[in-house]
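The structure appears below as structure tokens.
Each chain gets a letter, A, B and so on, in the order its sequence line appears, and its residues count up from 1.
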2 protein chains.
Amino acid sequence: MPETTPLWHPEVSEISLDKVLAALSDPYRRRVVLDLAASEGTPLRCAGFPIPLAKATRTHHFRVLREAGLIHQVDHGNGRTNTLRRDDMDRRFPGLLAAIVAAGPE
Amino acid sequence: MPETTPLWHPEVSEISLDKVLAALSDPYRRRVVLDLAASEGTPLRCAGFPIPLAKATRTHHFRVLREAGLIHQVDHGNGRTNTLRRDDMDRRFPGLLAAIVAAGPE
DNA sequence: CGCAAGGTACGATAAATTTCGTACCTTAGG
DNA sequence: CCTAAGGTACGAAATTTATCGTACCTTGCG
């Protein structure tokens, strides 16, 4: 058995601004992005984020972020780890994440 | 009678990133923002934008942009003119509009 | 092994968004 | 004055999104 289960992630070239902005328009999801940005590339577990919602809903939000191309997820069977796709985003939409991070949690 | 009818616009301080990003996540609305950015402050009429939708729907999109704080609208009875709230946005979320404009229509 | 922790998938419900038709309003211009 | 052009407001339908409960799966650990 593989150590990790495959998860779909968009290629850099297919990351759409529509989906990225829609993903970032939610405060919980933006919070995740902010925390990941602060972690400087260190993977963070889903369970570690302060999102006061049901498990199924958390799964939903992380999927939105992943399918938008904002985060990279690795499945470990129990627990998943997340990293921000900083370089990919900077290549695709230069300055966007910087502006979002600078804005803070609001 | 006043020459213009008042329209509600958010104060700079009450512009929310949630609403701004949600507004920008629609391609038609982002197109409007792009065109206004290119007009360099020259007001543009609603009717001038290439949005192939019913009139009522166009009204809806312009309202979303206005209430998010992205554009300033002036009513002239027939016709409205729109300008991008460039300075306000730059003050509130530095770098955000620049990144959006740089990304282009996608 | 057997259980707890972390997470998913499915299905349902609720809420928000998008789109439109219709009726109506306002100004410009003949 | 009368009409056309640009837009709104209201209400409705269709679509999307957010939220959750429940059942289930996987790994770590005692």
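Summarising the geometry, the separation between CD1 on B/Ile71 and P on D/dG7 is reported as 11 Å, rounded to the nearest angstrom. In this structure, CD of B/Glu67 is placed 14 Å from C1' of C/dA16, rounded to the nearest angstrom. Taking atom CZ of residue A/Phe62 and atom C1' of nucleotide C/dG7, one finds them 11 Å apart after rounding to whole Å. In this structure, the CG atom of A/Leu53 is 15 Å from the C1' atom of C/dA15, given to the nearest Å. B/Gln73 has its CD atom 16 Å from the P atom of D/dG6, to the nearest Å. For the pair A/His60 NE2 and D/dA18 C1', the computed distance is 5 Å after rounding to whole Å. Taking atom CD1 on B/Ile51 and atom P on C/dT18, their separation rounds to 12 Å, with Å as the unit. Rounded to whole angstrom, the span from the CG atom of A/Asp18 across to the P atom of C/dT17 amounts to 16 Å.
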Check your understanding: If the sugar-phosphate is the primed atoms plus P, OP1 and OP2 and the base is the rest, what is the B/S/- string for nucleotides 9-15 of chain D, using protein heavy atoms under 4.0 Å?
Key -> B------
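Two rings, from B/Tyr28 and B/Phe49, have their centers 6.0 Å or more apart.
Between A/Glu106 and B/Asp18 there is no side-chain heavy-atom pair separated by less than 4.5 Å. Here the side chains of B/Leu44 and B/Thr81 are not in contact, with every heavy-atom distance at 4.5 Å or above. Side-chain contact check for B/Arg80 versus B/Val74: every heavy-atom pair is 4.5 Å or farther apart.
Residues that satisfy the side-chain contact (heavy atoms from CB on, under 4.5 Å) test with B/Pro50, not counting sequence neighbours, are B/Arg31, B/Asp35. Residues forming a side-chain contact (heavy atoms from CB on, under 4.5 Å) with B/Thr59 (at least two apart in sequence, or on another chain): none.
Shown for residues 20-28 of chain A: no residue has heavy atoms falling under 4.0 angstrom of DNA chain D. Less than 4.0 Å separates DNA chain D from no heavy atom of any residue of residues 38-47 of chain A.
The two residues B/Ala68 and B/Val20 come nearest to each other via the heavy atoms O-CG2, 3.6 Å. Nearest heavy-atom pair across A/Thr83 and A/Gly41 is CG2-O, 3.6 Å.
Distance alone, capped at 3.5 Å, places no donor-acceptor pair between the B/Arg29 side chain and the B/Phe62 backbone. In this structure, B/Arg66 contributes its side chain and B/Gln73 its backbone to no donor-acceptor pair below 3.5 Å.
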What's touching nucleotides 28-30 of chain D from the protein side, N or O pairs under 3.5 Å?
none

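Linking ILVMFWY residues whenever their side-chain heavy atoms come closer than 4.5 Å, directly or via other members, places A/Leu53 and A/Leu65 in the same cluster. B/Val33 and B/Val64 fall into different hydrophobic clusters, where Ile, Leu, Val, Met, Phe, Trp and Tyr are joined by side-chain heavy atoms under 4.5 Å apart, directly or via other members.
Between B/Arg58 and the phosphate of D/dG6, there is no side-chain N or O to OP1/OP2 separation shorter than 4.0 Å. For A/Thr57, a side-chain nitrogen or oxygen approaches OP1 or OP2 of D/dC20 to under 4.0 Å. Contact check, A/His61 against D/dT19: a side-chain N or O comes under 4.0 Å of OP1 or OP2.
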Point to revise | Intermediate values then yes/no, side chain to side chain donor-acceptor pair (under 3.5 Å), B/His72 and B/Arg85 | key: CA-CA 6 Å; B/His72 183 82; B/Arg85 295 180 64 179; 5.4 Å; no
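At a threshold of 4.0 Å, the pair B/Glu14-B/Arg92 does not count as salt-bridged, since none of the basic side-chain nitrogens sits closer than that to a carboxylate oxygen.
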